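Reviewing the structure listed below.
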Amino acid sequence: MTVSQDLSADLVIIGGSLGGCAAALAALQTGKTVILTEETKWIGGQITNQGVPPDEHPWIENFGATRNYRTFRRKIRDYYFTNYPVKNNQRNNQQFNPGNALVSNISHEPRVALRVLYDLFAPYLSSGKLTLLMEYKIISAETEKDQVLALTVNNPMTGHSLHLKGEYFLDATETGDVLPLAKVEYVTGAEAHAETGEAHAVSEDAEPFNMQAFTYCFAMDYLEREDHTIEKPDQYEFWRDYQAHFWPAKQLSWWGLVPHTLEPIEYSFFYEPNRFSLWNYRRIIDQTNFEPETFQSDITIVNWPQNDYWLGPIIDVADEEREKHLFNAKQLSLSLLYWMQTEAPRPDGGLGYPGLRLRKDVLGTEDGLAMYPYVRESRRIKAEFTVKEQHISGEIDGKNSATFFEDSVGIGCYRLDLHPSTGMNSYIDISAHPFQIPLGSLIPIRVRNLLPASKNIGTTHLTNGCYRLHPVEWNIGEAAGHLASYCIDKNLLPHEVRNNEPFLKGFQSRLVTAGIELDWPKIHKV
């Protein structure tokens, strides 16, 4: 393989995740040049190529997000009002929710998020300030002492490789792929209680391969009088019979667990009184929002307990092992669909819903599954400061708010929410106070010009569970983009910004001017 071209910019961002897009936009808005790479065909990470509608805190419509994130959300709604036949009674609804999902106030199609991201980038693409490299994956890094000198990315479809140079490099990949290549110290999996002092940490030795389940999402609609049954998946018998020791029933069933109590719960598929509706859970199109005949059916995203895959990790394992688990996870999702089409119990006593149609077009793939798995847990840098359970937990007596961080670069709010893990552990779901993002969690302990910009900041296995959601990842990326830009402007290193009060205050002033909130008003835990 021959490197055929050298490219350079102020910032090189590897990974077009939600955090990567936010970092690029922030740097571009401060006048910097940016190279942004993405290994799939779609930028946007969890909100696009993974098919996960926004999961946000209760106050998101009024406060608790950056100005850029609020602009992104507004443009989602504007896109529907401009391009779709939305009913007149919804057009004045400032909180219009295309899917009326249970999980989100703005559940929408991945393609719409993709369009909006490109609209935000349009002037910078046209001016040449932004170079966007699609279907390029990081393959190597050049380093010298505590500096990253260059990164090489490759397009496996064409064999074309590019040598990328910049003043700052940001890892915005979904699994922290730059970290091992650039020799950045990092951790994976579950830390030991003796190391972190966290109440819910594992009691014995650390478990680096004990990571949250990942999920291959898919979209479907329902045409009741038609038959859209897919070909029977190769592993269907295995998944139809599979039951984890901590699960109350077969995984392919309407049963699951209440995450914070671990009590068994029977879901409904479509709406049934007094039951949680899986159909409505992550619905991205509610056909009643639109003029008659616009949609034949609602469209929903299947990112449910039934297709969480926890039988093995995909980080820091051999390629063969990784590919095996990715394939198995796809088989689980397809088996869930086939089970729903053929064997799922119906309230009328029948079996199966053959009218369920796999909407391959919604996620832009041949197999109908998302382009990339929804990965909840990444490699995480060893940081100047690591956020721990005791900093944000809402279950500590006498602690009425999250720990206040003088070096805050943003805020977020979500429960400490961990799905079942590859260590065969069940849910961990803990109340949390609305929290801040400390600058120290974005600064590696040694490497000077590489920053995390996604789920790879200095959190633990436990606190990653609430720093991984859409608005928090966006804020992390945006703060990282501003930090690199500020360091370039002031000829500083990130640790100098954090550890020198005038520089820190100057940086935080820039963030506030850019519309980034650094603290919460007095508000209750979630």
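Fair warning: this is a prediction, and the values are worked out from it, not measured in the lab. Starting from 1, each residue takes its place in the sequence as its number.
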Closer than 4.0 angstrom, basic N to acidic O: yes or no for K505 and D407? no
In terms of the angle between their ring planes, are Y136 and H160 parallel, tilted or perpendicular, with boundaries placed at 30° and 60°? perpendicular
Looking only at side-chain N and O atoms, does N68 offer a donor or acceptor that is under 3.5 Å from a partner on T66? no
Looking at side-chain heavy atoms only, is the closest gap between L416 and I428 below 4.5 Å? no
With the side chain counted from C-beta on, respond yes when I301 and V52 share a heavy-atom pair under 4.5 Å apart, and no when they do not. no
Taking atom NZ as the centre, does K399 end up with more than 12 heavy-atom neighbours from other residues, nucleotides or ligands that are less than 6.0 angstrom away? yes
Side chain to side chain, V472 and F435, heavy atoms closer than 4.5 Å: yes
If only side-chain N and O atoms count, and only distance matters, is there a donor-acceptor pair under 3.5 Å linking Y186 with N456? no
E38 and Y372: side-chain donor and acceptor closer than 3.5 Å? no
Judged by modelled atom types alone, do S421 and N425 share a side-chain donor-acceptor pair under 3.5 Å? yes
Working to the nearest 0.5 angstrom, can you tell me the gap between L493 CG and N500 CG? 12.0 Å
Decide salt bridge (Lys or Arg N to Asp or Glu O under 4.0 Å) for E185 and R446; before the verdict, give the C-alpha distance in whole Å, the side-chain angles of both, and the deciding distance to 0.1 Å. CA-CA 8 Å; E185 291 81 359; R446 179 183 59 82; 2.7 Å; yes
Within a strict 4.5 Å, meaning less than it, do heavy atoms of the R498 and F385 side chains meet? yes
Over 12 foreign heavy atoms within 6.0 Å of CG, N83: yes
Above 12 or not: heavy atoms from other molecules or residues under 6.0 Å from CZ of F503? no
Is it the case that over 12 heavy atoms from other parts of the model lie below 6.0 angstrom from the CZ atom of R70? yes
Let's go through E39 and K137 carefully: what are the C-alpha distance in whole Å and the side-chain angles of both, what is the deciding distance for salt bridge (Lys or Arg N to Asp or Glu O under 4.0 Å) to 0.1 Å, and is it a yes or a no? CA-CA 5 Å; E39 65 179 272; K137 185 174 175 60; 3.6 Å; yes
Would T215 and R376 count as having a side-chain donor-acceptor pair, cut-off 3.5 Å? yes
E61 versus Q94, side-chain donor and acceptor atoms under 3.5 Å: no
If you define the side chain from C-beta out and look only at heavy atoms, does anything of T33 sit under 4.5 Å from L11? no
For W42, what residues pass the side-chain hydrogen bond (donor to acceptor under 3.5 Å, both in side chains) criterion, not counting sequence neighbours? none
Do we see a donor-acceptor contact under 3.5 Å between the side chains of Y79 and E109? no
Only residue of H391, E191, E195, E198 satisfying side chain to side chain donor-acceptor pair (under 3.5 Å) with T460 is E198
Run the ring-ring contact (aromatic ring centres under 6.0 Å, His included) test on H57 and W520 for me, step by step, so that the C-alpha distance in whole Å, both residues' side-chain angles and the decisive distance to 0.1 Å come before the verdict. CA-CA 13 Å; H57 58 72; W520 286 94; 5.2 Å; yes
Is it true that the side chains of N49 and T40 contain a donor and an acceptor less than 3.5 Å apart? yes
Ring centres under 6.0 Å, that's the criterion: do Y374 and Y216 meet it? no
Donor-acceptor contact below 3.5 Å, side chain N97 vs main chain S107: yes
Does some side-chain heavy atom of L170 sit less than 4.5 Å from a side-chain heavy atom of V12? no
Taking the six-membered ring for Trp, are H419 and Y427 ring centroids under 6.0 Å apart? yes
How are the rings of F214 and Y309 set relative to one another: parallel (under 30°), tilted (30 to 60°) or perpendicular (over 60°)? tilted
Side-chain H-bond candidate by donor/acceptor type, E473 with S454, under 3.5 Å: yes
Is the ring pair F63/W59 parallel, tilted or perpendicular, if the boundaries are 30 and 60 degrees? parallel
Output every pair passing salt bridge (charged side-chain N to carboxylate O under 4.0 Å, His left out) with a member in residues 481-493, not counting sequence neighbours, ordered by first then second residue. K32-D489, D489-R510
Lys/Arg-Asp/Glu bridge criterion (N-O < 4.0 Å) met for K455, E174: yes
Considering residues, nucleotides and ligands other than E321, do more than 12 of their heavy atoms fall under 6.0 Å from its CD? yes
With no hydrogens and no angle check, just 3.5 Å: does a side-chain donor-acceptor pair link E142 and H163? yes
Is it the case that the side chains of T188 and D316 hold a donor-acceptor pair, with the cut-off being a distance below 3.5 Å and no angle test? no
Step through the shown structure and confirm whether more than 12 heavy atoms of other residues, nucleotides or ligands are within 6.0 Å of CG on D205. no
T48 and I43, any side-chain heavy atoms less than 4.5 Å apart: no
Min side-chain heavy-atom separation D429-L418 under 4.5 Å: no
Derivation of the side chain to side chain contact (heavy atoms under 4.5 Å, CB included) call for H108 and I47: CA-CA 9 Å; H108 59 276; I47 208 167; 4.0 Å; yes
